[in-house]
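What follows is a single structure, written as structure tokens, with notes after it.
Note that the structure is a prediction, hence the values are computed from the model and not measured.
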Protein chains: 2
Amino acid sequence: MTAAKLETTPTRNEIRRHKHLARRHENTDRIFRVEEGWACQYRLLPDGRRQIIALFLPGDYCEAQWVLTGHANWPVVALTDMFVTEIPFRDIRAHSGHEFDGMKSMLGSIMHTLKSHEKWIVNLGRMSATERICALLHDLVERLRPTGKVVSDHCPMPLTQYDLADIVGISSVHVNRVLQMLRGEGVISLEAGRLALLNPAELRRLGGPAHA
Amino acid sequence: MTAAKLETTPTRNEIRRHKHLARRHENTDRIFRVEEGWACQYRLLPDGRRQIIALFLPGDYCEAQWVLTGHANWPVVALTDMFVTEIPFRDIRAHSGHEFDGMKSMLGSIMHTLKSHEKWIVNLGRMSATERICALLHDLVERLRPTGKVVSDHCPMPLTQYDLADIVGISSVHVNRVLQMLRGEGVISLEAGRLALLNPAELRRLGGPAHA
DNA sequence: CGTTCTCTTGATGGGTCTCAATATGCGTGG
DNA sequence: CCACGCATATTGAGACCCATCAAGAGAACG
């Protein structure tokens, strides 16, 4: 999900935490680009279990596939206060073939989502709780790095332990214990919404073996 | 992944079980359409853990996104003896805009993959072993139904218990125990590579609560 | 007709969940 | 400014789901 500039000046909107950017099966004629703040797409089961499917960070296009399907499948909610720009489909189509090719950008974003999903299927299917959390933290830092929000391995991390739990598919209590362990080992520090990688190499190692 | 007919007569190839249709990072100029047999895309960790990312059944396009990226990310291997047809990219592009629109078909297949991945992230993240297996079996039958291979809730099911384990992210020993339980409850029968749904309603119920 | 998969079953241990209680912080309104 | 409520973080105890190890029985296959 790469940053890109449109000729038009799309509306810049403020979104409060916990407000929905999309609801289930909602039709839409625009996509969002995240300027500030974090959002996620999730699926809620009737018995209360929640699984977060995708995270949207500054610079990300939020659900580029809407431009192909015209509707949201699953809800998207702001995890923090946010600023987003709304990009109408017609603007994207109008820019197709230009230097900044709107449609090509959207396809790139979709392919990126695809790869990200594959990775998370492997993590959820075959990795331990510790591996999942380390892989997630590592991922987050690498995704934030291009935005300039990472300074000497410190960066914002506004997710609650409940959010983390619903991303990595374990209970929030166990998330807490894993984080305690990582802190105890001197791998990370995490407080007041800020994450610091104290031992990035160890974090990567704990994140599980690389692909074969 | 819908069936579709091309004007050209693409080559029909026989593929033996365990033969690779694609290897990691391999470049390609064609995609496959499965005519007979089952294949899967998987990711192998250095310590031996394997996670199957996608299943390809008769009628499926195998990795339609290759037409956009030009290369395979992860290996694809035949789980049974197969027949596939190879469709060169140029044929797909040549048919774009026609009654059968090659490119549109590929995009549809990609969107289908996306939805399938989202579903499996939820299953792997938030469902119990029994729920995962029941959901998988239910899925398989529904995907086979349009091909005419399902007769009164009986259909072929050539996956080994090792394969099933690597799809649902549990150990093969536990897959065996869950299957025993399902047989004992009279929900399914599964032998000699054939699956029968003896109590589809119960299977659906065990497959976990529907989306909210 | 042995070899190799595949399936099956038991025993044991560990990773993770659930429940529950307590702390801590933070925003809101009195 | 303080009191209160609510969200979040922390910690313990106990239970359970599932992994791992191991061994044996069929079944498939060259």
Rounded off to whole Å, could you give me the [atom1]-to-[atom2] distance for the [X] and [N] pair?
X	N	atom1	atom2	answer
A:Asn176	D:dT8	CG	C1'	10 Å
B:Asp166	D:dA19	CG	C1'	14 Å
B:Glu191	C:dT6	CD	C1'	15 Å
B:Gln180	C:dT9	CD	P	4 Å
B:Ile133	D:dC17	CD1	C1'	13 Å
B:Asp47	D:dT20	CG	C1'	14 Å
A:Met181	D:dT11	CE	P	14 Å
B:Arg183	C:dT9	CZ	C1'	13 Å

Discussion item. Please determine whether side-chain contact (heavy atoms from CB on, under 4.5 Å) holds for the pair A:Leu45 and B:Met127, giving the CA-CA distance in whole Å, both sets of side-chain angles, and the decisive distance to 0.1 Å.
Written reply: CA-CA 10 Å; A:Leu45 301 179; B:Met127 304 278 225; 4.2 Å; yes
Worksheet, complete the sentence: Expected string for nucleotides 11-19 of chain C under the B/S/- scheme (protein heavy atoms, under 4.0 Å, primed atoms plus P, OP1, OP2 as sugar-phosphate) is B----SSBB
Item to complete: State, to 0.1 Å, how close A:Val151 and A:Gly148 come at their nearest heavy-atom pair, and which atoms those are.
Response: CG2-O, 4.5 Å
Practice prompt. Over 60° means perpendicular and under 30° means parallel, so classify the ring planes of A:Phe32 and A:Trp66, tilted if in between.
Written response: perpendicular
Discussion item. Does B:Arg49 reach a base, just sugar-phosphate, or nothing at all? Heavy atoms under 4.0 Å.
Written reply: nothing
Worksheet item: Taking the six-membered ring of A:Phe83, is NZ or CZ of A:Arg12 closer than 6.0 Å to its centre and within 45° of its axis?
Response: yes
Worksheet item: How about A:Arg90: does its CZ atom have over 12 heavy atoms from other parts shown lying under 6.0 Å from it?
Response: no
Practice prompt. Hey, could you give me the CG/OH distance between B:Leu79 and B:Tyr162, rounded to the nearest 0.5 Å?
Written response: 15.0 Å
